[in-house]
Amino acid sequence: MKTSAEIRQAFLDYFAEHGHQIVDSSPLVPANDPTLLFTNAGMVQFKDVFLGKEKRDYNRATTSQRCVRAGGKHNDLENVGYTARHHTFFEMLGNFSFGDYFKEDAIRYAWEFLTETLGLPADKLWVTVYEDDDEAADIWLKKIGVNPDSFSRIGDKPGGKQYESDNFWSMGDTGPCGPCSEIFYDHGEGIWGGPPGTPEEDGDRYIEIWNLVFMQYNRDADGQMTPLPKPSVDTGMGLERLAAVLQHVHSNYEIDLFQLLIKAAANATGATDLENKSLRVIADHIRSTAFMIVDGVLPSNEGRGYVLRRIIRRAIRHGYQLGQTQPFFNTLVEALDEAMGEAYPELRKMKDQVAKVLKLEEERFAETLEHGMKVLEDETEKVNDGVIPGEVAFRLYDTYGFPVDLTADVAREKEMQVDIEGFEKEMEAQRQRARDASNFSATDTGEKWEVDSSTSFSGYELLEDKGTVMAIYRDGQSVEGLKKGEEGVVILDRTPFYAESGGQVGDSGELKSESGATFTVTDTRKQNGDIFGHIGVLAEGGLSLGDMVVTNVDKQARMATELNHSATHLMHAALREILGDHVQQKGSLVDPERLRFDFSHFEPVTREELTAIERLVNAQIRDNATTETRLMTLEDAKQSGAMALFGEKYDDEVRVLRIGDFSVELCGGTHVDAAGDIGLFRITSESGVASGVRRIEAVTGEAAIDLTESQENQLTAISGMLKASTDTVSDKVEQLLTRNRELEKELDRLKSKMAASAGSDLISQAVEIGGIKVLAANLEGVEPKSLRDTLDQLKDKLGSGVVLLAASNGEKVNLIAGVTKDLTDRLRAGDLVRIAAEKVGGKGGGRPDMAQAGGSNPAGIPDALAMAETWVAETIN
């Protein structure tokens with residue numbers, strides 16, 4: 001029996017022997033398709049190759065691509081655990097031709113691999129083609145010799161549009177498309193279901209294992225089909241389905257890879273029934289969550305991070321169903337590494353980090369899981385129509401962190417449904433409340449700069465240059481010129497001014513014409529990637545279209561910015577070395593004053609880690625490696641080890657920055673000549689900006705020296721005040737803090753003693769109302785926290801009675817009421833404190849024997865205390 005790993009390798013080896021380049025699986029976060037939440041097919045990393053936007057040094061490829069379908073258009077999450085073949089994570093085996101071979105070779109490769117390399121019986125395979133694809137049909141029937149009784153043509157769906165068929169594939173509404181040929185495996189007469197194209201095709205007897213897509217047309221907006229000059233091939237075959245066929249099992253969960261994970265899940269949860277559906281869910285979910293984390297996704301409340309959080313919490317809930325209330329999910333990473341670590345070394349490298357992220361998320365959800373499940377159980381018992389209200393699903397989400405699909409999962413187990421429409425209404429109401437409460441609004445002026453040619457950027461080499469005014473804009477309108485005092489945007493044909501990009505702010509400086517005009521540049525931005533706009537005000541003279549100007553960048557600001565920008569690259573590399581390879585840039589801001597860097601990380605960075613990061617960056621600065629920038633193709637840049645940002649769109653030619661052997665990244669910004677130019681690097685703060693995203697701010701150069709001197713001056717001043725040396729000042733401070741805590745405790749004891757003494761004096765002020773002792777008093781100078789002790793002492797001394805005490809601190813009033821146990825059947829402290837609180841403008845409540853209240857009107861204290869006698873009299877009568 002072939003293992004899943006052996007099948008994967010056999011596939012890659014077969015196509016490598018037939019001239020295909022083995023290409024590594026791309027990350028789950030698509031680098032070239034912002035419309036996709038996750039990579040969901042093998043062709044995703046080759047999309048631009050198929051579209052002709054990208055060139056590779058090979059024209060046929062093969063991959064084993066990791067895929068996730070758990071969000072957006074392709075979402076199998078709710079079916080996982082309930083069917084034999086749905087997964088959140090799967091591996092897609094594929095072979096691709098980029099204008100090289102076409103239908104005949106693709107079909108021959110597929111048939112030969114299945115029947116000869118893997119040895120599948122030909123009579124167990126069923127083939128389909130698109131109804132009008134006579135070319136593919138002839139290849140199958142006449143050249144391959146497929147049995148006509150195991151062959152069918154699939155047409156357009158009844159009532160659908162032309163080419164809307166299971167056997168016609170499109171990249172989108174427009175663009176490359178073409179017919180498909182699918183290969184199915186017949187599991188035999190013992191399983192219900194009919195062949196493709198029959199009413200019984202949804203049964204489990206005939207299972208699709210391979211889809212061959214023939215991209216031969218380009219569809220335009222009018223639906224017209226034009227043959228592509230270079231037809232291509234894109235195929236996809238699920239590894240898990242193929243393994244099930246070769247290992248003679250019907251469910252994907254019975255293959256070797258899943259059985260290993262299911263046994264590990266059973267061991268971690270204490271489950272004994274290996275057929276339990278919850279074990280299948282957990283085994284599936286450890287694969288998708290682990291690889292998402294490997295590829296830079298961390299749990300959060302939006303986007304990909306929220307999908308990850310949903311899947312983790314669904315797995316935890318299924319563990320809870322099995323009786324496991326302690327963190328367990330993270331322990332399965334070891335078994336996953338055993339199953340897949342050799343094929344995916346990035347998983348093996350990051351497995352400890354993955355486990356740590358999962359454990360933190362487990363601990364976070366454990367705090368609310370039990371309470372949320374209790375609420376859900378109570379609510380399902382109230383349901384009469386089989387539908388859990390949307391308001392309940394929203395409350396579980398909002399209060400207990402239950403994703404709605406988790407609630408739906410529980411509902412399905414109880415043969416119930418969730419009112420999704422009602423849930424969405426509640427969600428939208430919450431979004432609207434958030435919008436209403438926010439004063440922030442991003443503004444877009446919508447200003448578009450229309451010029452006939454682009455701007456040539458000379459700022460990598462020069463800070464002073466010359467350029468010709470190509471366009472001028474004022475208040476969003478194109479104008480012929482600017483007068484003194486007018487603000488506007490000046491667009492030149494050539495400039496050394498760097499335009500805001502990649503987190504680096506735009507340059508400032510001056511433009512000067514021969515006629516004496518001086519335009520003060522406060523910012524530089526660009527549109528369409530190559531039109532540079534100089535934003536500012538005309539300080540002197542007049543500026544017109546066609547004028548030649550001398551361009552002077554503010555040298556000091558540019559140099560300070562370069563120090564910060566280069567330090568950002570060193571810090572990014574240091575973060576990955578100290579914290580782990582999961583660290584990815586999530587945003588940055590680099591200006592002359594400081595640098596700010598947002599990055600993926602699942603917990604606060606400790607003081608020790610920050611120190612290590614700072615020391616590592618400064619060590620690189622002292623090494624003084626030269627910086628090198630090179631223009632390379634994107635593929636060559638990746639091969640050189642240059643880091644690219646997930647989700648970023650890059651041109652075919654990119655700029656690669658290398659600082660020694662420590663940092664290699666894609667970056668179009670401006671930088672120092674050598675690391676030593678940075679001088680000094682100091683971290684000023686570390687904070688969280690979103691779930692799974694941390695922020696570090698730092699300074700370099702002179703600003704770092706200023707910070708160091710300021711801290712040194714403060715330390716010296718503190719040392720002087722404490723009469724200690726800078727080496728021993730921390731010990732001195734610790735002694736003072738210890739002494740201060742001791743004095744605070746002593747002060748509390750004295751205050752309690754004074755309050756007790758005052759209480760003894762107050763006993764004589766008690767009056768009798770209907771045979772009940774009543775004491776109401778204003779305790780001046782008594783801390784609010786001492787009121788409780790005083791109340792207890794007075795109740796003890798009275799033996800039987802009612803007490804109402806007040807104390808004020810500025811505009812704040814504290815009230816406390818007490819009733820001895822023998823009287824609580826007739827008199828309740830909560831009732832007394834509520835009516836007394838009204839007199840001081842507050843509210844309160846509590847138990848029958850003790851209750852508290854607060855207020856904001858000290859002038860009302862006498863009236864509040866007077867209520868005690870009145871209330872007792874009225875209550876007992």
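Everything quoted here is computed from the prediction, not taken from an experiment.
Closest heavy-atom contact between T39 and R66: CG2-O, 4.0 Å. Scanning all heavy atoms of the two residues, the minimum distance from R313 to G401 falls at NH1-O, 2.9 Å. Closest of all the heavy-atom pairs between L37 and G303 is CD1-C, 4.5 Å. When every heavy atom of I255 is checked against every heavy atom of A243, the shortest pair comes out as CG2-C, 3.8 Å. Shortest non-hydrogen contact noted between R8 and L93 is CG-CD2, 4.3 Å. Nearest heavy-atom pair, I696 versus M571, reported as atom, atom and distance to 0.1 Å: CG2-SD, 3.6 Å.
In this structure, CG in L358 is found 10.5 Å from CZ in F328, a value given to the nearest 0.5 Å. Rounded to the nearest 0.5 Å, atoms CG (L406) and CZ (R314) are 7.5 Å apart. Atom OG of residue S278 and atom CG of residue D273 lie 10.0 Å apart, to the nearest 0.5 angstrom. Taking CG of N330 as the start and CG of D352 as the end, the distance is 11.0 Å to the nearest 0.5 Å. Summarising the geometry, atom CD belonging to E189 is positioned 11.0 Å from atom CD1 belonging to I191; distances are rounded to the nearest 0.5 Å. Considering CG of L242 and CD1 of I207, their distance stands at 13.0 Å, rounded to 0.5 Å.
In this structure, the side chain of E254 does not engage the main chain of A244 through any donor-acceptor pair within 3.5 Å. Proximity of a side-chain donor or acceptor of T63 to a complementary backbone N or O of V23 within less than 3.5 Å is not detected. In this structure, the side chain of E91 does not engage the main chain of S64 through any donor-acceptor pair within 3.5 Å. Although no hydrogens or angles enter the test, the distance criterion places no donor-acceptor pair under 3.5 Å between the side chain of T128 and the main chain of S181. Between the side chain of R348 and the main chain of D337, a donor-acceptor pair closer than 3.5 Å is present. At distances below 3.5 Å, at least one donor-acceptor pair connects side-chain atoms of T62 with backbone N or O atoms of G94.
The pair E428-K425 does not meet the salt-bridge criterion, since no charged nitrogen lies less than 4.0 angstrom from a carboxylate oxygen.
Looking at heavy atoms from C-beta onward, L114 lies in side-chain contact with I209 at the 4.5 angstrom threshold. No side-chain heavy atom of E686 sits under 4.5 Å from any side-chain heavy atom of E609. Counting only heavy atoms from C-beta outward, the side chains of Q353 and D581 never approach each other to under 4.5 Å. Y206 places none of its side-chain heavy atoms less than 4.5 Å from the side chain of E201. Between L575 and F597 the shortest side-chain heavy-atom distance falls below 4.5 Å. Between L125 and S150, the closest side-chain pair of non-hydrogen atoms is not below 4.5 Å. Contact annotation: the side chain of K124 approaches that of Y185 to within less than 4.5 Å [non-hydrogen atoms, C-beta and beyond]. A heavy-atom distance below 4.5 Å is found between the side chains of W169 and M43.
Taking a 6.0 Å sphere around CD of E342, one finds it holds 12 or fewer heavy atoms contributed by other residues, nucleotides or ligands. Within 6.0 Å of CG in D661 there are 12 or fewer heavy atoms belonging to other residues, nucleotides or ligands. Residue E275 qualifies as open at atom CD: its count of foreign heavy atoms under 6.0 Å is 12 or below. Within 6.0 Å of CG in D24 there are 12 or fewer heavy atoms belonging to other residues, nucleotides or ligands. Residue K351 qualifies as enclosed at atom NZ: its count of foreign heavy atoms under 6.0 Å is above 12. For Q417, the CD atom sits in a loose shell: 12 or fewer heavy atoms of surrounding residues, nucleotides or ligands are nearer than 6.0 Å.
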Where do K277 and Q321 land on the side chain to side chain contact (heavy atoms under 4.5 Å, CB included) test, with the steps shown first? CA-CA 10 Å; K277 175 190 73 219; Q321 288 289 96; over 6 Å; no

Trace of the salt bridge (Lys or Arg N to Asp or Glu O under 4.0 Å) decision for K414 with E381: CA-CA 10 Å; K414 297 179 177 292; E381 291 179 5; over 6 Å; no

Worked check of salt bridge (Lys or Arg N to Asp or Glu O under 4.0 Å) between K359 and E362: CA-CA 5 Å; K359 186 175 182 181; E362 284 189 88; over 6 Å; no

E361 vs R364, salt bridge (Lys or Arg N to Asp or Glu O under 4.0 Å): CA-CA, chis, key distance, verdict: CA-CA 5 Å; E361 187 66 14; R364 186 176 289 126; 2.9 Å; yes

Worked check of side chain to side chain contact (heavy atoms under 4.5 Å, CB included) between Y14 and E112: CA-CA 10 Å; Y14 172 84; E112 184 176 284; 2.8 Å; yes

As a quick check of understanding, evaluate salt bridge (Lys or Arg N to Asp or Glu O under 4.0 Å) for K263 and E338, giving each step before the final call. CA-CA 13 Å; K263 289 173 183 176; E338 181 183 342; over 6 Å; no

Could you walk me through whether T269 and L279 satisfy the side chain to side chain contact (heavy atoms under 4.5 Å, CB included) test, starting with their C-alpha distance in whole Å, then the side-chain angles of each, then the deciding distance to 0.1 Å, before giving a yes or no? CA-CA 9 Å; T269 59; L279 291 177; 3.9 Å; yes

Apply side chain to side chain contact (heavy atoms under 4.5 Å, CB included) to R395 and V375, showing your working. CA-CA 10 Å; R395 179 153 47 93; V375 170; 3.8 Å; yes

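When only modelled atom types and interatomic distance are considered, H318 and N276 share no side-chain donor-acceptor pair under 3.5 Å. Side chain to side chain, D256 and Q247 meet the donor-acceptor criterion of an N or O pair below 3.5 Å.
Ring-centre distance between F329 and H285: not below the 6.0 Å cut-off. Taking the six-membered ring for Trp and the full ring otherwise, the centers of F258 and H87 sit less than 6.0 Å from each other. For F402 and F365, the gap between ring centers is short of 6.0 Å. H572 and F599 have their aromatic ring centers separated by at least 6.0 angstrom.
Remark: H371 engages Y400 in a side-chain contact (heavy atoms from CB on, under 4.5 Å) (not counting sequence neighbours). When the side-chain contact (heavy atoms from CB on, under 4.5 Å) test is applied to S687, the partners found at least two apart in sequence or on another chain are R695. A411 pairs by the side-chain contact (heavy atoms from CB on, under 4.5 Å) definition with I388, M416, V418, not counting sequence neighbours.
Paired with H20 under the rule ring pair (Phe, Tyr, Trp, His ring centres under 6.0 Å), one option of F113, Y109, F11, F96 passes, and it is Y109.
Both tests pass for R280 against the ring of Y253: distance under 6.0 Å to the centre and angle within 45° of the axis.
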